[in-house]
Structure formats: C-alpha cells, structure tokens
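Notes for the one structure printed next.
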Amino acid sequence: MKKSVFATAAVASLVASNMAFAEPQAEVLHWWTSGGEAKSVAVLQKEFSDNGGTWTDMPVAGGGGDAAMTALRARVLSGNAPTAVQLKGPAIQEWYEEGVLADISAVAEAEGWDNVLPASIAGHMKCEGSWCAAPVNVHRVDWIWANADVLEANGIAMPSTWAEFNAAADKLQAAGIIPLAHGGQAWQDATVFEAVALGIGGPEFFQKAFVDLDMDTLKSDTMVQVFDQMRTLRGYVDGNFAGRDWNLATAMVMNGEAAFQIMGDWAKGEFLAAGKAPGEDFLCSSTPGNGYLYVVDSFAMFDVDGDDKKAGQNLLAELIMGPNFQEVFNLNKGSIPARTDVGLDAFESCAHTSASDMSASSSEGSLLPSYAHGMALRGAQAGAITDVVTAHFNSDMSSADAVEMLANSVANSL
C-alpha cells in the first residue's frame with residue numbers, strides 16, 4: 001500500500017498544508033442515485049466544496065452496485081482510478097490485494113476513528129492494519145416491520161420468538177390477511193434466511209456457518225431447523241411474490257394488505273417517506289433471537305497521483321466521518337451513524353433501538369456481518385449459499401437435502 005505523504009498531525013493542518021499548493025480534488029464513484037441517497041451525497045459534495053475542494057461526481061446506477069464495479073474495473077485497468085469509490089465488506093480487501101488502494105491512516109489516527117467506531121466495523125475499513133476506507137453508516141438487516149393497525153385489530157403483539165411469529169401468521173392467514181410480504185428475488189430470500197439462521201442458531205452458530213464456513217456447522221441439525229422455518233415462512237407468502245421488488249412488499253405492509261415484512265432498515269425509509277410514524281402506523285423490532293446483523297456502506301480511497309487528489313482524499317475522509325454528514329446522511333437513508341458518538345436527537349425510535357442494540361451486541365461479541373449483503377463473504381461463497389436458499393424456497397426440496405446441497409455448494413466454491 002502506498003503510504004500517505006502527510007504527517008499524523010491534525011487533519012485540518014493536513015488539508016490546509018496541501019491546499020497551499022493545490023486545491024483538493026475528488027472524483028467520486030458511487031451508485032447512490034435514488035432520491036434520498038442522491039440528496040445525501042449532495043450534502044457531502046457541498047461540504048467538500050465549502051472546504052475548498054472540487055468534486056467530480058461519477059454516479060453509476062443499476063444492479064445494486066454491479067454496474068459501478070464494472071465501471072471501476074475498467075478505470076483501474078486503464079490506470080485512471082477514481083479518487084474515492086463506494087465499496088463495502090470484503091470488496092475493500094479484494095481491491096487492496098490488487099495493490100490499488102491508498103493509505104488514509106493519517107486522517108483516521110488524527111481524528112481518532114478507533115475511539116468512535118465499533119471494533120468489528122473498524123476492521124472492515126483497515127487493510128493489513130492501515131486505514132483504507134471510511135464508513136458512512138450502519139444498516140441493520142434483521143428487522144421485522146409490521147402494520148400497527150392490522151396487528152391491533154387481530155390482537156397480535158410483535159413476536160419475540162419464531163414460534164410466536166408462526167402462531168401470529170396462522171391467525172392472520174385465517175383472517176384473510178397475508179402474513180408475510182416478500183419479494184421473490186434471491187437477495188430477499190437470503191435476507192430472510194440469515195435472520196432466521198441468527199435467531200434459531202444464535203450468534204456463535206451464525207459466525208461459524210456464514211463467516212468461518214465451518215462444514216460441521218453448515219451440515220448440522222440446527223441448519224436443518226433453519227430450513228424448516230424457511231419452509232414454514234414460504235407458506236405465509238402470497239402467490240404473487242415472484243420478482244416483486246422489496247419496496248413493493250413494504251407498500252403491502254403500509255396499506256394493510258400484509259402484516260409483516262422481514263427486511264433491513266432501508267424499509268423504514270419507505271414508511272417515513274410516506275408520512276408513517278413509528279409506533280403508531282408501523283412497528284419495528286429485531287427478528288427473534290439474539291445478535292445484530294449489519295451492512296456498512298463505505299468509501300475506499302484509491303491510489304492516485306498528484307497532491308491535489310491526495311489532499312482531496314484526506315478532506316473527503318474527514319468529512320465522511322464528520323458528525324454532520326453522519327447525521328444528515330443517515331436521517332435520509334434509514335440507517336444509523338457508524339460513529340457511536342453522534343447524537344440521535346433528530347432520529348426516530350427505531351434508530352434509537354438500532355443504536356442501543358448495536359452497542360450491546362458489540363460488547364457481547366454478537367455484532368455480526370451480513371452474508372446476504374456482502375459484508376461477511378466474498379462473492380463466490382455468498383452466491384453458493386444464496387443459490388441453495390432460493391432453490392429450497394421455490395421448490396418442495398426437503399430441509400435435509402437443502403443442508404446437503406448447502407455444504408457441497410460451499411465446498412465447491414472455496
């Protein structure tokens with residue numbers, strides 16, 4: 001990794017000293033093109049400009065970042081990498097292994113990032129001990145969202161166990177209400193699956209299965225129980241779920257067509273955008289069980305030539321982790337700040353629950369990276385798991401057969 005040319009002094013002096021010679025420049029590649037996301041990026045862009053920088057925006061829409069990664073590879077291969085790129089999880093390490101990431105440790109150390117980030121999340125931002133990326137937020141994946149009126153009308157409380165969820169779903173189904181809003185897309189199947197796995201197996205089971213890829217765990221009786229619960233959930237989904245986008249499933253909960261949705265807290269953004277109030281119009285709670293599954297959006301800094309671009313990287317890193325951007329971005333995105341010292345006065349009750357649970361899980365060792373959303377595993381292994389989950393969910397495959405296929409598929413992907 002190329003070492004920073006800046007000394008480990010205060011970030012302000014780092015940037016100022018370089019600005020004396022060159023204006024900070026940053027070409028930023030990202031795939032935040034939806035309304036709330038674009039609005040949040042605009043805030044960062046304005047802050048960068050207000051601090052004397054020139055921002056060149058490179059948004060690449062489509063494919064949940066797949067199109068952006070194609071564009072990035074072309075740029076890197078041509079020797080013209082962007083200054084900063086939206087990346088997450090193991091993808092950061094993959095690019096580091098190709099020798100193309102910059103070292104932003106001077107900024108991180110001057111700003112004390114290690115003191116304000118949970119250790120597990122900070123680990124994703126480091127490459128062999130040096131800081132190479134800056135985290136923007138924390139999304140929790142293992143949420144249940146519910147229509148408050150539907151639950152009240154049917155005398156149902158938010159479930160705290162999977163047995164309670166199943167009993168509530170049976171009651172709702174008998175009343176003619178779709179128990180579970182779901183979209184038949186592979187990543188949505190995987191989202192539900194990992195929440196069920198965490199709830200049934202617990203944090204240690206999840207770590208061994210979906211982070212360590214331990215074969216005994218993947219082939220265990222507990223994994224059979226996970227697939228059994230997935231089969232039960234399949235019976236609570238309506239017949240028109242195939243291909244449905246996640247936000248349309250959220251809308252089913254909003255309009256009372258369905259009672260529950262299992263989805264990350266980006267779903268909260270849909271409720272809030274529609275003027276719905278947490279605790280009144282919709283309810284939120286973690287899925288049954290202990291632990292916290294996270295996905296963290298971040299920006300990695302690429303190795304570039306020129307003091308202006310290096311100054312831009314330092315300024316950008318400082319602003320991304322700045323309390324103002326962390327607050328504004330996450331209010332729009334539905335997530336919570338990656339920094340644990342950002343005040344939550346402007347955030348609603350679900351965000352407060354998320355932050356409290358993240359802190360507790362970090363202390364207990366149950367703060368875990370989502371495999372379904374690219375935080376725990378590299379693409380081949382994550383894809384092998386999801387292919388089995390989707391095949392099981394969309395067929396009459398037995399749980400035992402699914403577990404055997406899971407172990408084989410993971411083994412073949414290594």
Side-chain angles (χ1 to χ4, degrees), residues 64 89 139-145 159 161-162 165-166 169 179-214 217-237 241-244 246 249 260-267 286-295 366 368-377 379-410 413:
H139 274 298
R140 185 176 194 170
V141 176
D142 51 319
W143 282 107
I144 295 180
W145 309 94
T161 67
W162 286 109
F165 183 93
N166 296 342
L180 181 62
H182 182 65
Q185 297 172 339
W187 73 267
Q188 293 190 57
D189 297 339
T191 297
V192 175
F193 175 77
E194 69 174 359
V196 171
L198 177 63
I200 289 178
E204 184 177 354
F205 170 85
F206 188 95
Q207 171 74 30
K208 288 182 177 179
F210 305 115
V211 180
D212 302 336
L213 298 178
D214 176 72
T217 306
L218 290 170
K219 295 186 289 187
S220 65
D221 291 341
T222 301
M223 192 66 75
V224 173
Q225 296 173 33
V226 173
F227 278 102
D228 284 345
Q229 178 61 29
M230 288 296 290
R231 173 64 65 231
T232 299
L233 293 178
R234 175 63 180 85
Y236 298 140
V237 174
F241 77 103
R244 178 186 291 140
W246 69 269
F260 297 110
Q261 182 185 23
I262 299 171
M263 185 54 61
D265 51 20
W266 45 92
S286 61
T287 51
N290 298 320
Y292 186 115
L293 298 179
Y294 66 82
V295 54
S366 58
L368 295 161
S370 162
Y371 110 76
H373 294 272
M375 290 301 297
L377 300 171
Q381 290 73 50
I385 296 170
T386 297
D387 286 347
V388 176
V389 170
T390 296
H392 172 266
F393 198 72
N394 290 283
S395 71
D396 59 359
M397 183 189 304
S398 72
S399 296
D401 287 345
V403 167
E404 181 179 1
M405 181 182 291
L406 178 68
N408 292 335
S409 295
V410 170
S413 73

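In this chain, residues are counted from 1 in sequence order.
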Quick one: [atom1] on [X] to [atom2] on [Y], what's the gap to the nearest 0.5 Å?
| X | Y | atom1 | atom2 | answer |
| --- | --- | --- | --- | --- |
| Leu180 | Gln261 | CG | CD | 8.0 Å |
| Leu213 | Leu406 | CG | CG | 9.0 Å |
| Arg231 | Ser398 | CZ | OG | 8.5 Å |
| Ile262 | Ser286 | CD1 | OG | 11.5 Å |
| Met230 | Thr390 | CE | OG1 | 8.0 Å |

For the pair Trp162 and Val226, evaluate side chain to side chain contact (heavy atoms under 4.5 Å, CB included) and give the outcome as yes or no after the intermediate values. CA-CA 11 Å; Trp162 286 109; Val226 173; over 6 Å; no

Mind listing the closest non-hydrogen atom pair of [X] and [Y] along with its distance?
| X | Y | result |
| --- | --- | --- |
| Gln188 | Arg244 | NE2-O, 2.9 Å |
| Ile144 | Pro288 | CD1-CD, 3.8 Å |
| Ala402 | His392 | CB-CD2, 3.7 Å |
| Ala249 | Gly183 | CB-N, 4.4 Å |
| Asp142 | Leu293 | OD1-N, 3.1 Å |

Between [X] and [Y], is any pair of side-chain heavy atoms under 4.5 Å apart?
| X | Y | answer |
| --- | --- | --- |
| Ser366 | Asn290 | no |
| Phe193 | Leu233 | no |
| Tyr294 | Pro369 | yes |
| His373 | Glu194 | yes |
| Asp387 | Ser409 | no |
| Tyr292 | Leu198 | no |
| Met397 | Met405 | yes |
| Ile385 | Val410 | yes |

As a test of understanding, state which of Asp401, Val388, Thr232 forms a side chain to side chain contact (heavy atoms under 4.5 Å, CB included) with Phe227.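 When side chain to side chain contact (heavy atoms under 4.5 Å, CB included) is applied between Phe227 and each of Asp401, Val388, Thr232, only Val388 qualifies.
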
Would you please test Thr191 and Trp246 for side chain to side chain contact (heavy atoms under 4.5 Å, CB included) and show each step? CA-CA 11 Å; Thr191 297; Trp246 69 269; over 6 Å; no

Backbone of Val295 reached by a side-chain donor or acceptor of Ser370 within 3.5 Å: no

Distance-only side-chain donor-acceptor flag, His182 / Asp189, under 3.5 Å: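 Distance-only check passes for His182 and Asp189.
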
Test log, rule side chain to side chain contact (heavy atoms under 4.5 Å, CB included), inputs Tyr371 and Thr386: CA-CA 9 Å; Tyr371 110 76; Thr386 297; 2.8 Å; yes

Mind checking side-chain hydrogen bond (donor to acceptor under 3.5 Å, both in side chains) for Arg234 and listing every partner two or more places apart, or none if nothing turns up?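 side-chain hydrogen bond (donor to acceptor under 3.5 Å, both in side chains) check on Arg234 returns nothing, list empty.
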
Is it true that, when you exclude Asp214 itself, more than 12 heavy atoms of the residues, nucleotides or ligands shown sit nearer than 6.0 Å to its CG? yes

For residues 199-211, please give each side-chain donor-acceptor pair under 3.5 Å, one per line with the distance, not counting sequence neighbours.
residue : atom : partner : partner atom : Å
Glu204  : OE2  : Lys208  : NZ           : 3.4
Gln207  : NE2  : Asp212  : OD1          : 3.1

Mind running side chain to side chain contact (heavy atoms under 4.5 Å, CB included) on Phe260 and Phe165 for me, showing each step along the way? CA-CA 10 Å; Phe260 297 110; Phe165 183 93; 3.8 Å; yes

